[in-house]
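Beneath this line is the structure, given in structure tokens, with notes to follow.
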Amino acid sequence: MIALGCDHGGFAMMQEVKKHLEQRGLEYMDFGCSSEESVDYPEYAKLAAGAVASGECDKGILICGTGIGISIAANKVKGIRAALCHDCFSAQATREHNDANMLAMGARVIGPGLALRIVDIFLDTPFSNDERHIRRIDMIEE
Ligand code: RB5
């Protein structure tokens, strides 16, 4: 189960992400927002991040205008490792090295074609399970 959260800046792109997940047969929980009307991104970041932190969802996808605000807010939730990615290399590396459990993107930064590629890489790349990466992740949680 994938938790989704966006603000007005990310709303249109999130609709593309939802269509894409449906085409892939992947289930999601949409924590909003629900239109392009101006809202406050921390509210939606925290709802989606809370669902990942509690185990209700396995991973999450967050979108705002830049991806910055929504990732900062999500990373305040204990247990969340939200990675802001606008390229395929970072999306793969953050899964392998950081075991990132949320992906953040900025809809004003990249287009939907690249965003969907990044979503696929993020969802399909397993954590490396390397000892050094586990140690470093544990240090983040301390
Ligand atoms: C909203 O205008 C914008 O500030 C927000 O989407 C995001 O870019 C914040 O980091």
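We number each residue from 1, following the sequence as shown. Model, not experiment: these values are computed from the prediction. Indexing begins at 1, ligand by ligand and atom by atom, following the structure's order.
Under a hydrophobic clustering in which Ile, Leu, Val, Met, Phe, Trp and Tyr are joined whenever their side-chain heavy atoms come within less than 4.5 Å, directly or via other members, Ile118 and Ile70 fall into different clusters. The hydrophobic cluster containing Ile121 does not contain Phe127, counting ILVMFWY residues as joined when their side-chain heavy atoms lie under 4.5 angstrom apart, directly or transitively. Connection of Met102 to Leu116 is not established within any shared hydrophobic cluster, with ILVMFWY side chains joined at heavy-atom distances below 4.5 Å, either directly or through further cluster members. A single hydrophobic cluster is seen to contain both Ile72 and Leu84, as judged by linkage of ILVMFWY side chains at heavy-atom distances under 4.5 Å, directly or through other members.
When only non-hydrogen protein atoms are considered, atom 9 (C) of ligand 1 lies nearest to Tyr41 CE2, 3.5 Å.
Legend: residues meeting side-chain contact (heavy atoms from CB on, under 4.5 Å) with Glu43, ordered by chain and number and at least two apart, are absent.
Annotation: Cys64 places no N or O atom under 3.5 Å from an N or O atom of ligand 1; distance criterion only. Looking at ligand 1, you'll find an N or O of Gly69 within less than 3.5 Å of one of its N or O atoms.
Short contacts between ligand 1 and His8, defined as distances under 4.0 Å to a heavy atom of the residue, involve ligand atoms 1 (C), 2 (O). Which parts of ligand 1 touch Gly65 is read off a 4.0 Å heavy-atom cut-off, strictly below it: atoms 5 (C), 6 (O), 7 (C), 8 (O). For ligand 1 and Thr66, the ligand atoms under 4.0 Å from any heavy atom of the residue are 7 (C), 8 (O), 9 (C), 10 (O).
Protein non-hydrogen atoms do reach within 4.0 Å of atom 2 (O) of ligand 1.
If you look at Asp7 next to ligand 1, the close heavy atoms, those under 4.0 Å, all belong to the side chain.
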Could you list the donor-acceptor pairs under 3.5 angstrom formed by side chains in residues 57-69, with sequence neighbours left out?
unit_1	atom_1	unit_2	atom_2	d
Asp58	OD2	Met1	N	2.5
Thr66	OG1	Ile68	N	3.0

